[in-house]
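In what follows, every heavy atom counts, from backbone to side chain, and hydrogens, waters and symmetry copies are set aside. Count residues from 1 along the sequence.
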Amino acid sequence: MFTGFHASASALTANRLRMDVVSSNMANAETTRGEFVNGEWQPYTRKMVSLTPNQSKQGFQSILNNELKGVRVTGIERDTTPFKLVFQPDHPDANEEGFVQMPNVDPLREMVDLMGATRSYEANVTALNASKNMLLKTLEIGK
């Protein structure tokens, strides 16, 4: 009876995390000192949320038995896209040639990801409300 609630709740949680990760990426789009690796500073690395279906079994039988339980976050992965090189010889993090390694965050891509996560969040709120209304109508039948 509550399968729809569980599926929507897991999707809401996952999309909230997606929006948080996108916000972090946008906030650090110009951070040249993101983490200290091997004795030197590296630029911030873009992060992405990885999601998978949360079900007990694989295959069509799990769908027929109503065993789908929404989605789950399998991890937050780092983007392997190379850093951008920008010529800024006056920057404190510039190399000998005057180039600065900038984060691999593309603000346009982040906005698209944010819009997708927001739309998915809104769709799951709508599905949750529809499930709630169906249960309320079912209770009204018994009156």
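A search for side-chain hydrogen bond (donor to acceptor under 3.5 Å, both in side chains) contacts involving D93 returns T32, R33, not counting sequence neighbours.
V49 and M115 are not part of a single hydrophobic cluster, where members link through side-chain heavy atoms under 4.5 Å apart.
For the pair L114 and M26, the minimum side-chain heavy-atom distance is 4.5 Å or more. Contact annotation: the side chain of L17 approaches that of V21 to within less than 4.5 Å [non-hydrogen atoms, C-beta and beyond]. Residues D79 and K47 form no side-chain contact, since every pair of their non-hydrogen atoms from C-beta on lies 4.5 Å or further apart. By the 4.5 Å heavy-atom criterion applied to side chains, L85 and M102 are not counted as neighbours.
Of the candidates V105, V22, D106, T81, V105 is the only one forming a side-chain contact (heavy atoms from CB on, under 4.5 Å) with R46. Of the residues listed (N25, N104, T31), the one engaging Y44 in a side chain to side chain donor-acceptor pair (under 3.5 Å) is N25, and it is the only one.
Considering every non-hydrogen atom in both P89 and A94, the closest pair reads O-CB, 4.1 Å. Scanning both residues, G70 and S10, for their nearest heavy atoms gives CA-OG, 3.2 Å. Shortest non-hydrogen contact noted between P43 and P103 is CB-N, 3.8 Å. Contact detail for V71 and A11: the closest heavy-atom pair is CG2-CA, 3.9 Å.
Formation of a donor-acceptor pair under 3.5 Å by the S120 side chain with backbone atoms of G116 is not found in this model.
Within the structure, salt bridge (Lys or Arg N to Asp or Glu O under 4.0 Å) contacts touching residues 10-31 (residues at least two apart or in different chains) are R16-D20. The ring pair (Phe, Tyr, Trp, His ring centres under 6.0 Å) contacts involving residues 98-141 comprise F87-F99, where partners must be two or more places apart or lie in separate chains.
Distance check: R119 CZ to N15 CG gives 12.5 Å after rounding to the nearest 0.5 Å. Atom CD of Q88 and atom CG of D90 lie 8.5 Å apart (nearest 0.5 Å). To the nearest 0.5 angstrom, S24 atom OG is 9.0 Å from I76 atom CD1. The distance from the CG atom of L136 to the CD1 atom of I141 is 11.5 Å, given to the nearest 0.5 Å.
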Yes or no on side-chain contact (heavy atoms from CB on, under 4.5 Å) for L51 and T74, after CA distance, side-chain angles and deciding distance?
CA-CA 6 Å; L51 304 173; T74 56; over 6 Å; no

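Residue M48 places its CE atom among more than 12 non-hydrogen atoms of other residues, nucleotides or ligands, all under 6.0 Å distant.
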